[in-house]
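Single-structure report; data block below.
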Amino acid sequence: MPKHYRPPGKKKEGNAAKYVTRSQAVKNLQVSLPVFRKLCILKGVFPREPKKKVKGNHHSYYHMKDIMFLRHDPLLEKLRDIRAYEKKVKKAMSKKNRDLAERLLTRKPTYTLDRLIKERYPKFIDALRDLDDCLSMVHLFAALPAVDRAVDGEKIPVDRVHNCRRLSHEWQAYISRTHKLRKTFISVKGIYYQAEVEGQKITWLTPHALQQVLPEVDYRVLLTFLEFYETLLAFVNFKLYHSINVKYPPILDPRLEALAADLYALSRYFDANAQSSSMKTKAITSTGSEQVEDQKEGAELDEAELRLAQLQQQLPSNEPGALMHLVEDAASEDEEDVETRECKNLFKNMKFFLSREVPRESLLFIIPAFGGIVSWEGEGAPFEESDQSITHQVVDRPAQGRKFLTREYVQPQWVYDCVNARIILPTEKYMVGCIPPPHLSPFVDNEAEGHIPEYAEAIERLKAAERKEVLPLPGMGKEDLDDPQNLLGIIDRAEAIEAAKRKQKMSMLEKQYHEELKLELQGAEYSAPSTDIEGRDAEGDTAPDLQQLAEDAANMSKVVMPRKKRKLLEAMEIGKERKRAHVLRLKERKKKIDEAKKSA
Amino acid sequence: MRYMDVVRAGDGGNPTGASDDDTDHSSGDSLGEGDDNDDYHGEDSHGGSDDSREVVEESDSSEDEVAPRNTIGNVPLEWYKDEEHIGYDLSGKKIKKKERQSKLDSFLASVDDSKNWRKIYDEYNDEEVELTKEETKLIRRLLKGKAPHADFDPYAPYVDWFAWDGAKHPLSNAPEPKRRFIPSKWESKMVLRYVRAIRKGLIKFDDKPKEEPRFYALWDDSTPAERQGLAYIPAPKPKLPGHEESYNPSPEYIPTQEEINSYQLMFEEDRPKFIPKQHTSLRSVPAYEKAVRETFDRCLDLYLCPRVRKKRINIDPESLKPKLPSRKDLKPYPTTCYLEYKGHKGPVTTICTESTGQWIASGSKDGTVRIWEVETGRCLQVWDIGETIEEVAWNPLTEFPILAVAAGQDVFILDTGCGSHEQQKKIEELLHVEPQKATDDSDISASIVNWVRDDRHGGIRLKHFKTVTKVEWHRKGDYLSTLMPSGESQSVLIHQLSKGLTQRIPFKTKGIPVSTAFHPTRSIFFTATKKDVRVYDLLKQKLIKKLEAGVREISSVAIHPGGDNAIVGSKDGKLCWFDMDLSSRPYRVLRCHPKDITGVAYHRSYPLFASCSDDCTAYVFHGMVYSDMNQNPLIVPLEILRGHSSADGRGVLDCKFHPRQPWLFTAGADSLIKLYCH
């Protein structure tokens with residue numbers, strides 16, 4: 001009898017009935033493999049791991065219910081329709097009936113993904129939870145070259161790239177506007193951002209704004225994913241924009257858009273919108289409810305014109321101060337939590353100017369997110385380099401020729417480090433031309449990792465110093481911090497406190513050790529007379545005893561553990577050991593580097 | 001036919017690139033003159049070219065047509081291929097063939113003469129014809145499918161030569177038909193079809209469907225939000241970057257050159273995927289070349305990887321360890337080495353405590369058996385047997401302090417002289433064996449064992465036929481079992497001391513026995529083979545139980561004084577506790593020793609048991625057996641006793657408890673005996 005013999009007339013049971021291989025699934029759905037792949041991606045269906053792999057180990061298994069889920073989706077039928085329609089077009093084309101083909105092409109059946117999004121993410125929070133991959137991918141495609149080029153026979157359509165760019169800017173504008181950005185990190189792969197929206201931590205990666213390498217991969221898969229992600233992000237943006245009373249598909253100032261200053265244009269748009277909405281609310285409160293309907297009807301018609309008018313009105317004025325006022329007006333203060341407020345006030349009263357060579361988009365995103373005002377070198381900028389009120393100029397060149405004495409020249413890393421540390425760091429280490437201090441990841445829990453880099457400690461000390469101080473007066477505080485002399489004092493003080501603490505700890509430990517030693521000696525004396533008769537020396541035995549005892553205690557409980565738990569414990573111990581080895585290696589390297597520095 | 005030739009030639013040459021440096025020829029008649037000026041053609045050719053032109057601009061009248069120079073008619077020209085002439089003129093004279101131009105010349109001519117493309121060779125008349133500009137235009141028009149003459153108007157207004165006006169007689173006198181006056185049925189049908197199509201929406205008039213806002217508040221309606229389908233397993237989020245991924249990492253995260261080189265020696269999969277590197281400024285960071293690739297891989301993971309919800313245990317490893325009762329509550333138990341008994345010259349293989357607890361006996365590889373006083377460590381007596389002592393065993397009865405010693409192929413039963421005077425007498429009586437009696441015995445089991453009086457040591461000597469490894473007394477002190485692993489069917493023997501009898505056990509044993517034990521209260525006998533422990537009922541003479549240890553090789557066995565539990569030590573360092581009421585499989589397996597377990601022992605009264613092993617340690621456990629059948633035995637490891645040193649790869653060879661005190665004796669391969677006290 002074969003291994004999986006099933007008598008005729010008896011249905012399949014168990015794993016054989018519940019799970020099907022991919023080829024079986026494709027056959028079942030009567031679609032081609034690319035269509036199946038597309039369906040799976042759009043519906044979010046993935047293979048599962050059956051307990052028993054009936055067809056063998058090298059297959060991927062889909063749950064039958066998942067397949068039924070796909071089968072009942074209207075999208076499947078729609079994709080079949082599209083295929084039939086494409087055949088029609090092809091037929092017309094091959095009959096040289098161009099007219100018909102073109103007419104058919106204008107009425108191509110399309111499908112929308114909003115239903116799928118609602119199905120996959122029934123609540124908004126679910127969508128936010130799964131947004132990481134979406135954002136990273138959209139940002140990657142936004143950085144791809146927007147040229148029609150054949151890659152592997154498959155094109156990355158230009159409009160998709162533009163759409164990605166627009167979506168990513170919209171997202172960033174929202175985050176920046178509502179001060180929801182929390183952490184940033186410049187890695188080799190690009191710049192990581194972490195924002196907190198509705199309590200969800202959303203992390204995404206934007207590649208460096210350079211020419212990207214396009215390897216030979218299956219771009220159809222990527223584009224299918226992108227299709228879903230674009231729709232998802234647009235809906236998320238819609239929801240978020242409406243939550244702060246801004247119309248969603250934003251209408252941007254074409255001039256700024258042409259200058260590729262989309263983010264700035266978006267922030268402008270926000271301001272205009274906020275103004276109009278505040279006006280509206282004012283009107284409502286003053287006139288009462290009777291005007292509400294009136295307002296709504298009128299608003300629908302006039303909104304676009306109004307917005308454009310406001311944009312135009314603002315454009316020539318070019319006054320960034322107004323922008324900031326508006327921000328304050330619009331943001332509803334009562335909803336903000338402590339962290340948002342902290343983020344909002346980090347770069348308050350600071351004016352930044354970006355030089356040509358720094359990554360403009362990233363900094364245009366970050367600085368306003370933390371309450372700063374920013375301008376750049378180039379057309380459409382809100383203020384010029386010669387503006388006297390600029391406090392910091394972000395520069396990334398070997399040497400700065402002409403310098404204004406009223407401002408500080410810093411490297412871009414300073415901004416990122418300040419954001420991560422949530423304090424204004426002293427700028428002298430980030431001067432033009434010098435190698436900045438190491439850039440540390442804000443995503444690492446140093447304590448848990450076991451190794452704290454030197455600079456992290458320094459930042460921690462600065463933070464402690466900051467906290468110690470009574471909140472500085474608005475005028476004084478900043479200068480206090482910026483003054484290196486003063487800051488040094490703070491550091492010294494913080495260091496002294498730390499040192500005192502350490503000393504205390506040491507003394508405590510020492511005392512404890514002495515006590516233990518004493519106890520041990522007493523124990524030895526107690527047992528000494530009896531052992532002396534036999535001429536046995538107590539010292540030799542008692543010395544390694546403490547270690548031995550601890551080891552024995554650990555060993556003993558292991559003896560009675562069931563095998564499963566024991567193996568688990570051993571695995572855990574191996575993991576811990578590996579981690580410890582890693583930390584040890586880091587410490588060794590650090591020691592060597594320090595020694596080399598000292599001798600040099 | 002000639003006409004066709006010309007067309008074909010015009011096709012081959014380039015008619016479009018006409019050069020304009022020709023003189024304009026106005027009409028066909030003046031063409032001849034124009035050609036006259038052209039000195040390229042000879043006299044003969046002149047007429048011919050004229051003819052051809054006549055043919056081209058043919059008209060209806062055949063009068064203009066000049067007959068061709070050649071008169072051969074419509075015959076294949078091949079006939080004249082080999083002739084010197086091409087035909088005959090009107091007067092019947094032969095027309096000579098012209099000299100052929102060489103290829104080079106014709107090429108040069110074509111290069112020099114810009115009008116050369118217009119020249120066509122006329123095979124029939126054997127001459128070159130040059131087309132005029134007019135003619136090329138004509139050809140071009142023909143190629144386009146138009147009328148050859150430029151001034152021909154195909155769409156000239158129609159002139160009705162046959163005027164009707166005022167005609168008295170119509171062509172047809174039929175009356176006007178009815179269909180001229182009623183609406184067309186077919187038209188109305190067609191209209192109906194269109195109407196239907198429009199109603200059905202098959203015909204749409206608005207070319208572009210109205211742009212609806214594509215995005216709307218998707219999550220705002222308060223419909224019950226429940227995910228359909230199978231349980232969703234969210235994909236794990238990508239790992240967040242650590243310090244080492246920074247563009248400017250801390251120097252300790254950057255591996256040194258040697259370390260990078262050492263990566264080459266690693267296996268491909270162990271090698272770190274990413275080597276941190278320092279960039280001194282942000283502008284020097286290059287684009288990450290694997291960005292798209294990594295995104296693609298992530299996508300593949302998302303839709304191709306089977307997802308399983310795995311419970312990640314984030315627990316403190318300490319919490320895995322079972323909660324054991326505090327060791328302090330389980331006192332007393334042996335903890336520290338209190339005494340050492342020195343005197344043996346070789347590894348002490350075996351020890352045994354006397355039932356009063358005053359004496360211990362030990363046997364060693366150096367061939368001596370010693371008796372020590374427990375409390376002082378004084379060596380009372382020494383017998384030099386001369387062979388490696390495998391086992392010593394005190395008689396469990398206090399009034400008979402006699403010792404059974406297994407050495408080589410003999411078992412000695414020795415009088416220790418530890419008892420009082422009266423006892424001594426009894427012992428001497430007991431140990432008195434008449435030589436003839438021994439011979440009497442021999443007819444029962446002569447081949448098995450010889451009972452001989454041992455004069456040298458003062459006792460009985462039982463001569464076996466194979467090496468004896470175990471000696472064990474029955475609790476009544478009269479019976480004695482010996483074990484010869486290589487004795488096959490007679491490997492386990494039971495001797496009766498009072499009668500001087502020897503018998504083998506009435507069961508078949510499977511496998512090589514390694515150890516035996518009597519049940520402490522009932523007449524049950526345990527035989528441990530390498531694989532399992534067999535339990536026999538001696539009265540009913542049958543197998544009761546088989547305890548499957550599931551270990552590689554059993555080395556020792558001990559029975560709990562209660563009789564329902566047993567421990568088995570194995571050579572892979574596992575200690576199995578059997579609850580024989582519960583099952584024939586181990587109730588608990590303790591993996592305590594990394595090396596062979598050499599001996600296991602129960603304490604007679606305290607809830608203690610111990611194991612000793614070749615790794616120079618002895619474990620002491622608390623092993624509480626409850627009288628309540630529902631409660632399982634409680635096993636708690638108490639102490640690891642160290643102190644022996646390894647000799648010749650062996651550690652502790654035997655361990656025994658003191659019969660009354662919670663003390664443990666261990667015999668080490670370092671020729672020491674140690675006493676551990678509480």
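The shown structure was predicted, so the numbers you read here are calculated from the model rather than taken from an experiment. Naming: A, B, ... by sequence-line order, numbering from 1 per chain.
- With a 4.5 Å cut-off on non-hydrogen atoms, A:L569 touches chain B through its backbone and its side chain both.
- Using a 4.5 Å cut-off between heavy atoms, A:N237 makes no contact with chain B at all.
- Nearest heavy atom pair, residue A:F46 against residue B:L302, reads CB-O, 4.1 Å.
- Heavy atoms of A:L144 lying under 4.5 Å from chain B belong exclusively to its side chain.
- Ranking A:K43, A:E119, A:H63, A:Q411 against chain B, the residue ahead of the rest is A:H63, based on heavy-atom pairs under 4.5 Å.
- For the options A:V45, A:V188, A:V213, A:I435, heavy-atom pairs under 4.5 Å to chain B are most numerous at A:V188.
- Between chain A and the options B:I254, B:L282, B:V308, the largest number of non-hydrogen pairs under 4.5 Å is found for B:L282.
- Looking at A:P359, only its side chain comes within 4.5 Å of chain B, counting heavy atoms on both sides.
- Between A:V444 and B:G242, the closest heavy-atom pair is CG2-CA, 3.5 Å.
- Of the atoms belonging to A:Y229, it is side-chain heavy atoms, and not backbone ones, that fall under 4.5 Å from chain B.
- Across B:A291, B:P238, B:P255, the residue that shares the most heavy-atom pairs under 4.5 angstrom with chain A is B:P255.
- If you measure heavy-atom distances from B:R298 to chain A, the contacts under 4.5 Å come from the side chain alone.
- B:P249 touches chain A through its backbone: at least one of N, CA, C or O sits under 4.5 Å from a heavy atom, while the side chain does not.
- The candidate from A:V236, A:L210, A:V559 with the greatest count of non-hydrogen atom pairs under 4.5 Å with chain B is A:V559.
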Take A:V221 and B:F296, measure what side-chain contact (heavy atoms from CB on, under 4.5 Å) needs, and give me the verdict at the end. CA-CA 8 Å; A:V221 173; B:F296 180 67; 4.1 Å; yes

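- Looking at A:K576, the atoms closer than 4.5 Å to chain B (heavy atoms on both sides) all sit in the side chain, from C-beta outward.
- The most heavy-atom pairs under 4.5 Å with chain A, out of B:K277, B:K290, B:E294, B:R588, come from B:E294.
- B:V589 places none of its side-chain heavy atoms less than 4.5 Å from the side chain of A:R563.
- Checked by atom type, the side-chain pair B:E252/A:H451 shows a donor-acceptor distance below 3.5 Å.
- At least one donor-acceptor pair under 3.5 Å links the side chain of B:S246 to the backbone N or O of A:H439.
- Of the two parts of A:N446, only the side chain, counted from C-beta on, holds a non-hydrogen atom closer than 4.5 Å to a non-hydrogen atom of chain B.
- Taking chain B as the reference chain and counting heavy-atom pairs below 4.5 Å, the highest number among A:T112, A:D594, A:L222, A:L205 is found for A:L222.
- For B:R327, the part sitting under 4.5 Å from any heavy atom of chain A is the side chain, from C-beta outward, and nothing else.
- Around CD of A:E454, the count of heavy atoms belonging to other residues, nucleotides or ligands within 6.0 Å does not exceed 12.
- Only the side chain of A:F185 has a heavy atom closer than 4.5 Å to any heavy atom of chain B.
- Note: A:M572 CE to B:D316 CG = 7.5 Å, rounded to the nearest 0.5 Å.
- The contact between B:I233 and chain A is made by backbone and side chain atoms together, counting heavy-atom distances below 4.5 Å.
- The choice from A:K123, A:K65, A:Q194 that makes the most heavy-atom pairs within less than 4.5 Å of chain B is A:K123.
- Classification of the B:F215-A:Y248 ring pair by plane angle, with boundaries at 30° and 60°, yields perpendicular.
- In terms of heavy-atom pairs under 4.5 angstrom with chain A, the leader among B:H279, B:E639, B:Q278, B:E259 is B:E259.
- Between chain A and the residues B:F621, B:Y619, B:F274, B:Y247, the most heavy-atom pairs under 4.5 angstrom are made by B:Y247.
- Between the side chain of B:K237 and the main chain of A:R129, a donor-acceptor pair closer than 3.5 Å is present.
- Contact between B:R283 and A:P398 at its shortest, heavy atoms only, is NH2-CD, 3.6 Å.
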The test is side-chain contact (heavy atoms from CB on, under 4.5 Å); show your working for A:M137 and B:C299 and say whether it passes. CA-CA 9 Å; A:M137 188 134 167; B:C299 286; 3.8 Å; yes

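- Shown here is B:E375, whose CD atom has no more than 12 heavy atoms of other residues, nucleotides or ligands within 6.0 Å.
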Just do the side-chain contact (heavy atoms from CB on, under 4.5 Å) check on A:R566 and B:R591 with the steps written out, would you? CA-CA 10 Å; A:R566 196 177 59 230; B:R591 224 195 122 76; 3.4 Å; yes

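- In this structure, chain B has a heavy atom under 4.5 Å from the side chain of A:Y62, while its backbone stays farther away.
- Between B:N248 and A:P436 the shortest heavy-atom distance is ND2-O, 3.2 Å.
- For B:V285, the parts lying under 4.5 angstrom from a heavy atom of chain A are both the backbone and the side chain.
- Residues A:D126 and B:R227 fail the side-chain proximity criterion, which asks for heavy atoms closer than 4.5 Å.
- Of the listed residues (A:L140, A:I593, A:D133), the greatest number of heavy-atom pairs within a distance under 4.5 Å of chain B belongs to A:D133.
- For a residue to count as touching a neighbouring chain, one of its non-hydrogen atoms must lie under 4.5 Å from one of that chain's; by this rule B:P276 does not touch chain A.
- The contact between A:R120 and chain B is made by backbone and side chain atoms together, counting heavy-atom distances below 4.5 Å.
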Show your reasoning for whether side-chain contact (heavy atoms from CB on, under 4.5 Å) applies to A:R48 and B:L230. CA-CA 11 Å; A:R48 306 206 178 223; B:L230 274 186; 3.6 Å; yes

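- Between B:Y253 and A:P453, the closest side-chain pair of non-hydrogen atoms falls below 4.5 Å.
- Contact record, B:P241 with A:S441: O-OG, 2.8 Å, taken as the closest heavy-atom pair.
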Working for side chain to side chain donor-acceptor pair (under 3.5 Å), residues A:D114 and B:Y216: CA-CA 9 Å; A:D114 44 351; B:Y216 55 93; 2.8 Å; yes

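- Contact between A:K118 and B:W219 at its shortest, heavy atoms only, is NZ-CA, 4.2 Å.
- Heavy atoms closer than 4.5 Å to chain B are found nowhere in A:R103, neither backbone nor side chain.
- Looking only at side-chain heavy atoms (C-beta outward), B:D220 and A:K239 come within less than 4.5 Å of each other.
- Only the side chain of A:H208 comes within less than 4.5 Å of a heavy atom of chain B; its backbone N, CA, C and O stay farther away.
- The number of heavy-atom neighbours closer than 6.0 Å to NZ of B:K328, taken from other residues, nucleotides and ligands shown, is 12 or below.
- Between the NZ atom in B:K239 and the OG1 atom in A:T203 there is a gap of 13.0 Å [rounded to 0.5 Å].
- Heavy atoms closer than 4.5 Å to chain B are found in the side chain of A:D132, but not in its backbone.
- Residue B:E244: no heavy atom, backbone or side chain, is found under 4.5 Å from chain A.
- Both the backbone and the side chain of A:V560 come within contact range of chain B, each with at least one heavy atom under 4.5 Å from a heavy atom of that chain.
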